[in-house]
Amino acid sequence: MEVAPDCLGKVLVHGRAAGRIVEVEAYLGLDDLAAHASRGITPRTRVIFGEPGHAYVYFIYGRYDCLNFTAEPEGQAGCVLIRALEPLSGLALMHRRRPKAKRIEELARGPGCLTMAMGITRRLNGSDLVEGALTVRAMREPASFEMGVSARIGITKCADWPLRFFVKGNRFVSRYSARS
DNA sequence: CAATAGATCATCT
DNA sequence: GATGATCTATTGC
């Protein structure tokens with residue numbers, strides 16, 4: 001979970017679309033009942049137990065994909081859920097993929113939204129974030145921002161663990177997380 | 001602007 | 001068969 005805050009401010013690139021990560025959540029392993037990995041290795045969670053630096057994409061609620069980065073070494077579970085992006089380039093493309101979003105803030109505001117905007121599907125599950133089609137880069141200049149911490153969103157177990165990190169004051173952070 | 005209900009399917013029990 | 005790391009639309013202030 002130590003790497004979760006590091007993901008803030010980094011840039012996610014998929015094809016021509018790119019966005020800055022402004023909101024993430026950390027999910028641990030067996031001790032974290034909210035994590036998919038808490039039940040151990042299953043066909044779906046085996047990526048989390050695999051090598052770090054890979055994408056874990058899962059389908060949720062019959063509609064949406066969510067994007068994670070695996071974080072812990074092989075054999076251990078741990079991942080970072082990307083909750084919100086600030087769109088940087090490929091805006092027209094994102095708009096086409098999300099006709100419902102009329103404002104830029106709505107393009108990638110939320111786990112399901114950002115995967116749609118970026119065109120991420122389960123096809124990318126387990127793909128390498130360095131060599132694959134989906135990549136993560138750090139900004140040239142270390143972005144200076146205030147980091148906020150709060151409880152995670154949208155879960156029913158361990159809902160009070162302060163494992164959510166976001167860029168304070170950034171309006172691209174989802175409103176469901178505006179609790180303070 | 002804030003809060004609530006409904007849609008919908010892959011995965012696990 | 002039940003459940004969920006969600007989003008959108010609708011209703012109420």
Side-chain angles (χ1 to χ4, degrees), chain A residues 1-5 7-8 12 19 21-50 52 54-72 76-87 94-127 129 134 136 148-167 169-180:
Chain A
M1 73 161 264
E2 292 80 17
V3 302
C7 293
L8 286 179
L12 183 69
I21 299 170
V22 296
E23 182 181 356
V24 300
E25 280 179 9
Y27 284 86
L28 312 181
L30 302 172
D31 295 331
D32 186 357
L33 279 314
H36 291 167
S38 65
R39 288 179 235 136
I41 299 181
T42 69
R44 203 52 182 179
T45 61
R46 68 168 182 268
V47 176
I48 304 177
F49 288 86
H54 285 238
Y56 165 51
V57 184
Y58 68 95
F59 202 53
I60 190 69
Y61 291 133
R63 294 192 164 193
Y64 304 103
D65 291 305
C66 293
L67 173 67
N68 299 254
F69 299 157
T70 59
E72 298 293 325
Q76 294 187 54
C79 58
V80 181
L81 168 68
I82 311 303
R83 282 194 59 88
L85 291 179
E86 175 182 340
M94 291 187 183
H95 252 292
R96 221 178 58 183
R97 286 199 270 242
R98 296 205 66 239
K100 305 252 163 111
K102 301 219 159 182
R103 301 195 208 173
I104 300 184
E105 299 100 319
E106 295 170 344
L107 277 176
R109 178 190 68 180
C113 284
L114 74 89
T115 53
M116 263 189 256
M118 298 290 291
I120 295 168
T121 68
R122 290 193 304 292
R123 237 178 32 183
L124 294 170
N125 189 37
S127 70
L129 288 173
L134 184 69
V136 180
V149 183
S150 79
R152 291 175 292 183
I153 310 292
I155 56 178
T156 56
K157 300 161 189 166
C158 302
D160 52 348
W161 290 19
L163 292 179
R164 171 173 161 269
F165 308 91
F166 57 96
V167 176
N170 188 297
R171 69 180 190 285
F172 293 94
V173 174
S174 65
R175 72 177 161 93
Y176 296 103
S177 44
R179 307 171 147 281
S180 62

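Below, all heavy atoms of this structure are taken into account, side chains as well, without hydrogens, waters or symmetry copies. Naming convention: chains lettered A, B, ... in sequence-line order (proteins, then strands); numbering from 1 in each chain. Note that the structure is predicted; figures quoted are calculated from it, not measured.
The distance from atom CZ of A:R122 to atom P of C:dT6 is 17 Å, rounded to the nearest whole Å. Atom CG in A:D32 sits about 14 Å away from atom P in C:dG4, given to the nearest Å. Remark: C1' of C:dG4 and NE2 of A:H36 are 7 Å apart, rounded to the nearest angstrom. Atom pair A:I153:CD1 and B:dA3:P shows a separation of 13 Å (rounding to whole Å applied). What separates CD1 of A:I155 from P of C:dT3 is a distance of 17 Å, to the nearest Å. Rounded to an integer number of Å, the gap from A:E106 CD to C:dT6 P is 18 Å. C:dT8 atom P lies 11 Å from atom CG of A:L107, rounded to whole Å. For the pair A:D65 CG and B:dT8 P, the interatomic distance rounds to 16 Å; values are reported in whole Å.
Across all strands shown, C:dA5 has no partner, as no Watson-Crick or G-U wobble contact with both distances under 3.5 Å is found. The nucleotide B:dT13 finds no pairing partner, because no Watson-Crick or G-U wobble arrangement with both distances shorter than 3.5 Å includes it.
Across all strands, A:R152 comes closer than 4.0 Å to no nucleic acid atom at all (heavy-atom distances). Among the heavy atoms of the strands, none lies under 4.0 Å from A:C158.
You'll find that the side chain of A:R63 is closest to B:dA7, out of C:dT6, B:dA7, C:dT8. Comparing atom distances between the A:L81 side chain and each of C:dA5, C:dC7, B:dC12 picks out C:dA5 as nearest. The side chain of A:K100 lies closest to C:dT8 when the candidates are C:dG4, B:dT13, C:dT8.
Between A:R44 and the phosphate of B:dT11, there is a side-chain N or O to OP1/OP2 separation shorter than 4.0 Å. The phosphate of C:dT6 has OP1 or OP2 within less than 4.0 Å of a side-chain N or O from A:R83.
For the pair A:F59 and A:G112, both in contact range of DNA chain C, the more 5′-proximal nearest nucleotide belongs to A:F59. Toward the 5' end of DNA chain C, the nearer of the two residues A:M116 and A:K157, judged by each one's closest nucleotide, is A:K157. Projected onto DNA chain B by closest heavy-atom contact, A:T45 and A:I60 fall at different nucleotides, the more 5' of which corresponds to A:I60.
Closest approach of A:A77 to A:E72, counting heavy atoms only: O-CG, 3.3 Å.
The pair A:R152-A:E25 does not meet the salt-bridge criterion, since no charged nitrogen lies less than 4.0 angstrom from a carboxylate oxygen.
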(message) Does A:R83 form a side chain to side chain contact (heavy atoms under 4.5 Å, CB included) with A:S174? I'd like the steps, not just the answer.
(response) CA-CA 8 Å; A:R83 282 194 59 88; A:S174 65; 3.6 Å; yes

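No hydrogens or angles considered: nothing links the side chains of A:Y27 and A:H36 as a donor-acceptor pair under 3.5 Å. Side-chain contact, A:R164 with A:S150: a donor N or O sits under 3.5 Å from an acceptor N or O.
You'll find a donor-acceptor pair under 3.5 Å spanning the side chain of A:Y58 and the base of C:dA5, going by distance alone.
For the side-chain contact (heavy atoms from CB on, under 4.5 Å) with A:Y56, the qualifying choice from A:N68, A:V80, A:L124, A:L81 is A:N68, the only one to do so.
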